[in-house]
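Since this is a predicted model, take the numbers as computed values, not measurements.
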Amino acid sequence: LLESGELCWFNLDTRQGGKMKIDFGSKDDCGDWLSCDYGAQLWIVIVASSKSILLIDLRFGDCGECKVLARVGMPGLFETDPFAGADQYLAFCRAGFDHFHFSVVTKRYLILLDVRQPLTPVLAWQHELESPNNVAMFRLSELRHFNWQLCLLVCFFVYVLLPKLR
């Protein structure tokens with residue numbers, strides 16, 4: 001995914017490739033392009049911008065089908081601050097263990113979505129982090145053997161001590 005909104009793809013079997021311009025209205029409709037990831041099926045990609053998350057079907061070549069999975073300000077999010085400015089997506093992540101689930105982070109929310117239920121958050125909660133810019137998804141079983149004492153020590157350093165040292 002290029003900053004211009006062009007999606008480049010390559011088929012390693014046939015050694016052919018192509019690119020398509022993701023045309024989803026004006027620059028204001030798309031916002032800045034964040035990243036892309038593979039979808040649940042072959043030739044399906046999920047493309048994230050600061051304003052929307054799109055499912056693109058590349059089986060049709062250079063004129064891929066586009067479906068909106070999430071949009072900033074979508075229904076289902078209870079807004080507690082009526083004076084808050086327009087939100088935008090800051091980070092995007094597809095679950096490595098499940099090709100149907102992905103998450104996005106805004107200035108106020110962490111949102112879990114399912115490709116099979118477009119525009120409907122599965123889970124959303126206010127995170128109250130200062131400037132989130134990355135998100136990752138793990139199974140709980142992957143975290144069982146994690147060294148939580150080390151993690152808590154690092155978190156304490158990053159969130160408590162580091163800001164005071166600046």
Side-chain angles (χ1 to χ4, degrees), residues 1-79 86-129 131-146 151:
L1 178 65
L2 304 176
E3 287 180 5
S4 64
E6 287 184 309
L7 184 65
C8 300
W9 54 270
F10 303 97
N11 185 338
L12 297 177
D13 290 334
T14 62
R15 295 186 180 163
Q16 293 180 345
K19 65 181 176 179
M20 68 175 272
K21 174 79 172 153
I22 301 172
D23 192 15
F24 190 64
S26 69
K27 170 79 171 144
D28 293 335
D29 293 337
C30 297
D32 297 324
W33 297 103
L34 298 175
S35 67
C36 66
D37 210 332
Y38 297 107
Q41 300 171 352
L42 294 175
W43 295 100
I44 304 286
V45 292
I46 301 171
V47 177
S49 76
S50 59
K51 302 273 183 148
S52 59
I53 310 297
L54 307 172
L55 183 79
I56 299 181
D57 190 343
L58 294 173
R59 291 178 286 191
F60 302 107
D62 295 340
C63 56
E65 245 181 53
C66 186
K67 180 179 178 182
V68 178
L69 296 177
R71 184 178 290 133
V72 169
M74 66 184 151
L77 297 178
F78 179 71
E79 188 57 61
D87 216 351
Q88 66 178 0
Y89 296 132
L90 303 173
F92 160 80
C93 173
R94 183 185 55 82
F97 54 86
D98 181 350
H99 294 287
F100 294 109
H101 292 101
F102 64 95
S103 60
V104 290
V105 178
T106 69
K107 291 179 183 177
R108 295 183 293 269
Y109 291 101
L110 175 60
I111 306 165
L112 175 67
L113 294 130
D114 190 325
V115 172
R116 299 165 292 193
Q117 298 173 347
L119 299 171
T120 307
V122 175
L123 255 165
W125 63 92
Q126 292 180 314
H127 55 66
E128 298 184 18
L129 296 173
S131 55
N133 60 8
N134 196 7
V135 63
M137 297 174 67
F138 300 97
R139 286 182 188 266
L140 286 177
S141 61
E142 293 174 9
L143 300 176
R144 283 194 187 125
H145 304 292
F146 192 71
C151 178

**Report entry** Interatomic spacing from CG in Leu34 to NZ in Lys51 - rounded to 0.5 Å
**Finding:** 12.0 Å
Query raised in the report: Which pair of heavy atoms, one from Val72 and one from Gln88, lies closest together, and at what distance?
Result: CG2-CA, 3.9 Å
Query raised in the report: Short question: side chain of Ser49, backbone of Gly31 - any donor-acceptor pair under 3.5 Å?
Result: no
Report summary line: Residues at least two apart in sequence or cross-chain that pass side chain to side chain contact (heavy atoms under 4.5 Å, CB included) with Ile44, listed by chain then number, are Gln41, Leu55, Asp57, Arg59
**Report entry** Any donor-acceptor N/O pair, Asp87 side chain to Lys107 backbone, under 3.5 Å
**Finding:** yes
Report summary line: Rounded to the nearest 0.5 angstrom, the CD1-CZ distance for Ile111 and Phe102 is 9.5 Å
Query raised in the report: Which heavy atom of Met137 sits nearest a heavy atom of Ser103, and at what distance?
Result: SD-OG, 3.4 Å
Query raised in the report: Minimum heavy-atom separation for Met20 to Leu58, with atom names?
Result: SD-CD2, 3.5 Å
Requested in this report: Go through Val68 and Leu54 one step at a time and tell me if the side-chain contact (heavy atoms from CB on, under 4.5 Å) criterion holds.
Outcome: CA-CA 5 Å; Val68 178; Leu54 307 172; 3.9 Å; yes
Query raised in the report: Out of curiosity, Leu69 CG to Ile56 CD1, how far, rounded to the nearest 0.5 Å?
Result: 9.5 Å
Requested in this report: Taking side chain to side chain contact (heavy atoms under 4.5 Å, CB included) as the test, write out the residues that go with His127, two or more places apart.
Outcome: Val105, Leu110, Leu129, Pro132
Query raised in the report: Is the backbone of Tyr38 close enough, under 3.5 Å, to the side chain of Arg94 for a donor and an acceptor to pair up by distance?
Result: yes
